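Values in this document were obtained by computation on a predicted structure and should not be read as measured data. In what follows, chains carry the letters A, B, and so on, assigned in the order in which the sequence lines appear, proteins first and then strands, with residues in each chain numbered from 1.
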Amino acid sequence: SIDYNRIIGVLISQSRFDLAERYYDTMKPKGFSLNSFTYSRYISGLCKFKDFANIQKLLEDMDRLGVVPDTWACNIYLYLLCSENLVDMALEVLQLMAEKGREPDMVSYTIVISGLCKARRLDAAVRMWQIMLGKGIVPDDRACRALVLGLCDGGKVDLAYELTLGVMKGRVKFSTSIYNVLIGGFCCAGRIDKAQAIKTFMRRNGCKPDLVTYNVLLNYCCNELILEEAEKLMEKMERGG
RNA sequence: AUUCGUGCUCACGCG
(Lines give C-alpha, C1' and ligand atoms only; values in the text may rest on other atoms or scores of the structure.)
Protein backbone atom coordinates (compact mmCIF):
# COMPACT_ATOMS: atom_id res chain seq x y z
CA SER A 1 0.00 0.00 0.00
CA ILE A 2 0.98 3.59 -0.36
CA ASP A 3 2.78 5.34 2.48
CA TYR A 4 0.82 8.57 2.48
CA ASN A 5 2.62 9.80 5.55
CA ARG A 6 5.89 9.70 3.70
CA ILE A 7 4.62 11.13 0.44
CA ILE A 8 2.69 13.98 1.98
CA GLY A 9 5.49 14.55 4.48
CA VAL A 10 8.01 15.02 1.71
CA LEU A 11 5.69 17.36 -0.18
CA ILE A 12 5.19 19.48 2.92
CA SER A 13 8.90 19.65 3.58
CA GLN A 14 9.26 20.93 0.02
CA SER A 15 6.44 23.41 0.56
CA ARG A 16 4.36 21.76 -2.16
CA PHE A 17 1.09 22.24 -0.38
CA ASP A 18 -0.86 22.17 -3.61
CA LEU A 19 0.21 18.59 -4.26
CA ALA A 20 -0.04 17.63 -0.62
CA GLU A 21 -3.64 18.74 -0.58
CA ARG A 22 -4.41 16.73 -3.70
CA TYR A 23 -2.94 13.57 -2.21
CA TYR A 24 -4.70 14.22 1.04
CA ASP A 25 -8.07 14.67 -0.64
CA THR A 26 -7.76 11.48 -2.68
CA MET A 27 -6.50 9.57 0.33
CA LYS A 28 -9.32 10.52 2.64
CA PRO A 29 -12.28 8.83 0.87
CA LYS A 30 -10.24 5.64 0.66
CA GLY A 31 -10.20 5.44 4.42
CA PHE A 32 -6.51 6.24 4.86
CA SER A 33 -5.31 8.73 7.42
CA LEU A 34 -2.10 10.37 8.56
CA ASN A 35 -0.27 9.99 11.83
CA SER A 36 0.23 12.74 14.37
CA PHE A 37 3.76 13.46 13.20
CA THR A 38 2.68 14.18 9.64
CA TYR A 39 -0.44 16.07 10.65
CA SER A 40 1.64 18.21 12.96
CA ARG A 41 4.13 19.08 10.25
CA TYR A 42 1.29 19.74 7.87
CA ILE A 43 -0.38 22.20 10.22
CA SER A 44 2.94 23.88 11.03
CA GLY A 45 3.57 24.35 7.34
CA LEU A 46 0.14 25.79 6.66
CA CYS A 47 0.63 28.24 9.50
CA LYS A 48 3.48 29.83 7.56
CA PHE A 49 0.99 30.67 4.82
CA LYS A 50 -1.79 31.64 7.20
CA ASP A 51 -4.02 29.11 5.50
CA PHE A 52 -6.71 29.13 8.15
CA ALA A 53 -9.24 27.25 6.05
CA ASN A 54 -7.02 24.24 5.52
CA ILE A 55 -5.74 24.27 9.08
CA GLN A 56 -9.33 24.16 10.25
CA LYS A 57 -10.06 21.32 7.86
CA LEU A 58 -7.14 19.26 9.13
CA LEU A 59 -8.03 19.91 12.75
CA GLU A 60 -11.58 18.72 12.14
CA ASP A 61 -10.34 15.58 10.41
CA MET A 62 -7.95 14.92 13.25
CA ASP A 63 -10.73 15.35 15.73
CA ARG A 64 -12.77 12.72 13.94
CA LEU A 65 -9.81 10.36 13.90
CA GLY A 66 -8.85 10.99 17.47
CA VAL A 67 -5.40 12.20 16.45
CA VAL A 68 -3.97 15.15 18.34
CA PRO A 69 -1.32 17.50 16.94
CA ASP A 70 1.90 17.68 18.92
CA THR A 71 2.71 20.56 21.20
CA TRP A 72 4.98 22.24 18.68
CA ALA A 73 2.25 22.36 16.05
CA CYS A 74 -0.20 23.70 18.60
CA ASN A 75 2.24 26.38 19.63
CA ILE A 76 2.91 27.43 16.07
CA TYR A 77 -0.81 27.70 15.52
CA LEU A 78 -1.24 29.62 18.77
CA TYR A 79 1.45 32.03 17.63
CA LEU A 80 -0.28 32.55 14.29
CA LEU A 81 -3.62 33.21 15.96
CA CYS A 82 -2.11 35.70 18.37
CA SER A 83 -0.19 37.55 15.72
CA GLU A 84 -3.40 37.86 13.68
CA ASN A 85 -5.21 39.31 16.67
CA LEU A 86 -7.32 36.22 17.13
CA VAL A 87 -6.55 35.82 20.79
CA ASP A 88 -9.94 34.41 21.64
CA MET A 89 -9.39 31.59 19.21
CA ALA A 90 -5.99 31.04 20.75
CA LEU A 91 -7.63 30.72 24.15
CA GLU A 92 -9.98 28.11 22.73
CA VAL A 93 -7.08 26.15 21.28
CA LEU A 94 -5.31 26.30 24.61
CA GLN A 95 -8.40 24.91 26.25
CA LEU A 96 -8.69 22.14 23.69
CA MET A 97 -5.05 21.18 24.14
CA ALA A 98 -5.61 20.46 27.80
CA GLU A 99 -8.81 18.55 27.09
CA LYS A 100 -7.09 16.34 24.56
CA GLY A 101 -4.15 15.48 26.68
CA ARG A 102 -1.64 17.91 25.21
CA GLU A 103 -0.91 19.96 28.27
CA PRO A 104 0.14 23.45 27.21
CA ASP A 105 3.81 23.99 27.99
CA MET A 106 5.74 27.10 28.87
CA VAL A 107 5.98 28.17 25.24
CA SER A 108 2.21 27.86 24.83
CA TYR A 109 1.62 30.08 27.83
CA THR A 110 4.27 32.55 26.75
CA ILE A 111 2.65 32.96 23.36
CA VAL A 112 -0.83 33.47 24.77
CA ILE A 113 0.32 35.81 27.53
CA SER A 114 2.13 37.90 25.00
CA GLY A 115 -0.95 37.86 22.73
CA LEU A 116 -3.24 38.95 25.54
CA CYS A 117 -0.92 41.81 26.39
CA LYS A 118 -0.82 42.95 22.79
CA ALA A 119 -4.61 42.89 22.80
CA ARG A 120 -4.44 45.09 25.89
CA ARG A 121 -6.09 42.43 27.99
CA LEU A 122 -3.63 42.71 30.81
CA ASP A 123 -5.83 41.25 33.49
CA ALA A 124 -6.35 38.12 31.45
CA ALA A 125 -2.61 37.96 30.79
CA VAL A 126 -1.86 38.08 34.49
CA ARG A 127 -4.46 35.42 35.18
CA MET A 128 -2.83 33.22 32.56
CA TRP A 129 0.53 33.80 34.21
CA GLN A 130 -0.89 32.66 37.53
CA ILE A 131 -2.42 29.59 35.91
CA MET A 132 0.96 28.73 34.45
CA LEU A 133 2.66 29.08 37.81
CA GLY A 134 -0.10 27.00 39.35
CA LYS A 135 0.79 24.17 36.99
CA GLY A 136 4.22 24.11 38.50
CA ILE A 137 5.89 25.63 35.46
CA VAL A 138 8.92 27.69 36.43
CA PRO A 139 9.03 30.51 33.90
CA ASP A 140 12.26 30.96 32.02
CA ASP A 141 13.70 34.17 30.72
CA ARG A 142 11.51 34.45 27.70
CA ALA A 143 8.34 33.74 29.62
CA CYS A 144 9.20 36.41 32.17
CA ARG A 145 10.07 38.86 29.47
CA ALA A 146 6.81 38.30 27.64
CA LEU A 147 4.84 39.21 30.75
CA VAL A 148 7.05 42.04 31.92
CA LEU A 149 7.29 43.60 28.50
CA GLY A 150 3.58 43.24 27.91
CA LEU A 151 2.70 44.86 31.21
CA CYS A 152 5.25 47.62 30.77
CA ASP A 153 3.99 48.41 27.30
CA GLY A 154 0.53 48.61 28.79
CA GLY A 155 1.74 51.07 31.39
CA LYS A 156 1.59 48.65 34.30
CA VAL A 157 5.20 48.88 35.34
CA ASP A 158 4.61 48.48 39.05
CA LEU A 159 2.59 45.36 38.50
CA ALA A 160 5.32 43.95 36.26
CA TYR A 161 7.82 44.64 38.98
CA GLU A 162 5.64 43.09 41.66
CA LEU A 163 4.93 39.90 39.77
CA THR A 164 8.58 39.25 39.02
CA LEU A 165 11.16 40.85 41.28
CA GLY A 166 8.59 41.35 44.01
CA VAL A 167 7.34 37.80 44.40
CA MET A 168 10.03 35.64 42.97
CA LYS A 169 13.05 37.41 44.31
CA GLY A 170 15.39 34.87 45.81
CA ARG A 171 13.64 31.89 44.26
CA VAL A 172 14.48 32.67 40.66
CA LYS A 173 17.70 34.05 39.26
CA PHE A 174 16.67 36.81 36.90
CA SER A 175 18.69 37.59 33.88
CA THR A 176 20.02 40.96 32.88
CA SER A 177 17.38 41.29 30.18
CA ILE A 178 14.50 41.12 32.67
CA TYR A 179 16.04 43.97 34.58
CA ASN A 180 16.53 45.78 31.30
CA VAL A 181 12.86 45.55 30.41
CA LEU A 182 11.85 46.85 33.83
CA ILE A 183 14.36 49.66 33.62
CA GLY A 184 12.93 50.56 30.23
CA GLY A 185 9.44 50.44 31.65
CA PHE A 186 10.25 52.82 34.47
CA CYS A 187 12.02 55.15 32.07
CA CYS A 188 8.94 55.20 29.87
CA ALA A 189 6.89 56.09 32.92
CA GLY A 190 9.27 58.96 33.57
CA ARG A 191 10.61 57.37 36.74
CA ILE A 192 14.32 57.47 36.15
CA ASP A 193 15.08 57.23 39.88
CA LYS A 194 13.32 53.90 40.10
CA ALA A 195 15.09 52.78 36.94
CA GLN A 196 18.44 53.65 38.46
CA ALA A 197 17.50 51.85 41.65
CA ILE A 198 16.88 48.67 39.69
CA LYS A 199 20.26 49.04 38.06
CA THR A 200 21.85 49.14 41.49
CA PHE A 201 19.70 46.27 42.65
CA MET A 202 20.64 44.03 39.73
CA ARG A 203 24.32 44.50 40.39
CA ARG A 204 23.84 43.46 44.01
CA ASN A 205 22.14 40.34 42.68
CA GLY A 206 25.00 39.38 40.48
CA CYS A 207 23.77 40.83 37.19
CA LYS A 208 26.09 43.23 35.49
CA PRO A 209 24.37 45.97 33.52
CA ASP A 210 25.10 45.35 29.87
CA LEU A 211 25.10 47.40 26.71
CA VAL A 212 21.31 47.27 26.49
CA THR A 213 20.94 48.52 30.07
CA TYR A 214 22.99 51.56 29.23
CA ASN A 215 21.32 52.07 25.88
CA VAL A 216 17.92 52.18 27.55
CA LEU A 217 19.02 54.65 30.20
CA LEU A 218 21.07 56.78 27.85
CA ASN A 219 18.27 56.89 25.36
CA TYR A 220 15.87 58.15 27.97
CA CYS A 221 18.27 60.74 29.34
CA CYS A 222 19.10 62.03 25.90
CA ASN A 223 15.49 62.24 24.79
CA GLU A 224 14.61 64.10 27.97
CA LEU A 225 17.70 66.26 27.68
CA ILE A 226 19.01 65.16 31.06
CA LEU A 227 22.50 65.48 29.73
CA GLU A 228 24.45 65.58 33.02
CA GLU A 229 23.00 62.22 33.91
CA ALA A 230 23.80 60.89 30.46
CA GLU A 231 27.39 61.90 30.91
CA LYS A 232 27.61 60.15 34.26
CA LEU A 233 26.22 57.02 32.68
CA MET A 234 28.80 57.16 29.94
CA GLU A 235 31.56 57.36 32.53
CA LYS A 236 30.20 54.44 34.50
CA MET A 237 29.87 52.44 31.36
CA GLU A 238 33.46 53.06 30.42
CA ARG A 239 34.62 52.08 33.89
CA GLY A 240 33.18 48.68 33.04
CA GLY A 241 29.67 48.24 34.35
C1' A B 1 11.40 9.43 9.56
C1' U B 2 9.02 13.99 6.73
C1' U B 3 15.36 14.39 10.68
C1' C B 4 16.69 21.96 9.47
C1' G B 5 9.17 23.05 12.38
C1' U B 6 7.31 27.21 18.14
C1' G B 7 7.85 32.15 22.29
C1' C B 8 11.82 37.16 24.27
C1' U B 9 14.60 43.36 25.74
C1' C B 10 17.26 48.96 23.90
C1' A B 11 19.53 51.54 20.04
C1' C B 12 21.42 51.27 15.22
C1' G B 13 20.88 49.46 10.38
C1' C B 14 17.93 46.92 6.65
C1' G B 15 12.87 46.23 4.39
Side-chain angles (χ1 to χ4, degrees), chain A residues 2-17 19-20 23-24 34-51 55 58 69-83 87 90 93-94 97 102 104-118 125 128-129 132 137 139-153 157 160-161 164 174-188 192 195 198-199 202 207 209-223 230 233-234 237:
Chain A
I2 309 174
D3 186 353
Y4 281 105
N5 282 303
R6 188 171 168 78
I7 295 171
I8 291 180
V10 169
L11 292 172
I12 293 162
S13 75
Q14 305 300 319
S15 288
R16 292 302 307 265
F17 293 99
L19 286 175
Y23 271 99
Y24 185 75
L34 302 175
N35 58 29
S36 174
F37 182 85
T38 306
Y39 265 121
S40 297
R41 290 304 202 135
Y42 203 166
I43 289 175
S44 306
L46 290 173
C47 282
K48 243 183 295 207
F49 297 91
K50 307 183 182 184
D51 188 347
I55 293 169
L58 292 183
D70 65 24
T71 307
W72 276 59
C74 293
N75 288 347
I76 291 169
Y77 186 40
L78 284 174
Y79 182 72
L80 173 65
L81 291 172
C82 287
S83 56
V87 196
V93 171
L94 200 72
M97 282 175 75
R102 283 278 186 262
D105 66 3
M106 182 159 48
V107 175
S108 322
Y109 284 111
T110 304
I111 293 167
V112 172
I113 286 169
S114 163
L116 285 167
C117 288
K118 260 181 263 165
M128 197 56 76
W129 173 260
M132 181 183 76
I137 294 175
D140 69 354
D141 242 55
R142 294 162 150 187
C144 285
R145 249 192 326 253
L147 178 80
V148 172
L149 187 66
L151 291 181
C152 286
D153 282 348
V157 200
Y161 179 90
T164 51
F174 291 104
S175 76
T176 299
S177 67
I178 297 298
Y179 294 107
N180 288 345
V181 177
L182 282 168
I183 288 172
F186 280 110
C187 282
C188 266
I192 180 76
I198 293 175
K199 176 162 156 291
M202 69 191 278
C207 263
D210 62 6
L211 189 61
V212 174
T213 316
Y214 281 104
N215 271 341
V216 171
L217 286 165
L218 281 169
N219 212 30
Y220 173 78
C221 290
C222 289
N223 286 337
L233 284 166
M234 288 296 289
M237 187 164 63

May I ask you to say what [X] touches in the nucleic acid, namely base, sugar-phosphate or nothing, with a heavy-atom cut-off under 4.0 Å?
{"X": "A:Ile111", "answer": "sugar-phosphate"}
{"X": "A:Ser114", "answer": "nothing"}
{"X": "A:Ser108", "answer": "nothing"}
{"X": "A:Asp105", "answer": "nothing"}

For atom [atom1] of [X] and atom [atom2] of [N], their distance in whole Å:
{"X": "A:Tyr109", "N": "B:U6", "atom1": "OH", "atom2": "P", "value": "21 Å"}
{"X": "A:Phe37", "N": "B:A1", "atom1": "CZ", "atom2": "P", "value": "9 Å"}
{"X": "A:Asn75", "N": "B:G5", "atom1": "CG", "atom2": "P", "value": "14 Å"}
{"X": "A:Asn35", "N": "B:U3", "atom1": "CG", "atom2": "P", "value": "13 Å"}
{"X": "A:Trp129", "N": "B:G7", "atom1": "CH2", "atom2": "P", "value": "18 Å"}
{"X": "A:Leu94", "N": "B:U6", "atom1": "CG", "atom2": "C1'", "value": "14 Å"}
{"X": "A:Ile113", "N": "B:G7", "atom1": "CD1", "atom2": "C1'", "value": "10 Å"}
{"X": "A:Ile43", "N": "B:U6", "atom1": "CD1", "atom2": "P", "value": "16 Å"}

- prompt: Should A:Met128 and A:Leu147 count as side-chain neighbours, where that means a heavy-atom distance under 4.5 Å?
  reply: no
query: Which is it for A:Thr71 and A:Asp105 under the side-chain hydrogen bond (donor to acceptor under 3.5 Å, both in side chains) test, yes or no, and what are the steps along the way?
result: CA-CA 8 Å; A:Thr71 307; A:Asp105 66 3; 5.3 Å; no
message: With a 4.0 Å cutoff (strictly under), does any side-chain N or O of A:Arg41 reach OP1 or OP2 of B:C4?
response: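 Checking B:C4 against A:Arg41, a side-chain N or O does come within under 4.0 Å of OP1 or OP2.
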- prompt: On a whole-Å scale, what distance lies between the C1' atoms belonging to B:G5 and B:A1?
  reply: 14 Å
Gap in Å between the two C1' atoms, one belonging to B:U3 and one to B:G7, rounded: 23 Å
- prompt: Does A:Trp72 stack onto the base of B:G5, taking stacking as ring centres under 5.5 Å apart and planes under 30° apart?
  reply: yes
Residue pair A:Ala73 / A:Ser40: nearest heavy atoms and the distance that separates them: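 Result for this residue pair: CB-O, 3.6 Å.
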- prompt: Looking at A:Thr176 and A:Met202, what are the two nearest heavy atoms and their distance?
  reply: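 Closest approach of A:Thr176 to A:Met202, heavy atoms only: CG2-CE, 3.6 Å.
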message: I'd like to compare against my own output: the B/S/- annotation of nucleotides 9-15 of chain B with a strict under-4.0 Å heavy-atom distance to protein.
response: BBS----
query: How are the rings of A:Phe17 and A:Phe49 set to each other: parallel, tilted or perpendicular (split at 30° and 60°)?
result: perpendicular
- request: Using a 3.5 Å limit on both pairing distances, list the dot-bracket string of RNA chain B from the 5' end; Watson-Crick and G-U wobble pairs count, crossing pairs take [ ], interstrand pairs take |.
  value: ...............
Check: B:G7 base within 3.5 Å donor-acceptor of A:Asp140 side chain: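 Side chain to base: pair found, below 3.5 Å.
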message: Assess, by modelled atom type and distance only, whether the side chains of A:Asn180 and A:Asp210 contain a donor and an acceptor separated by less than 3.5 Å.
response: yes
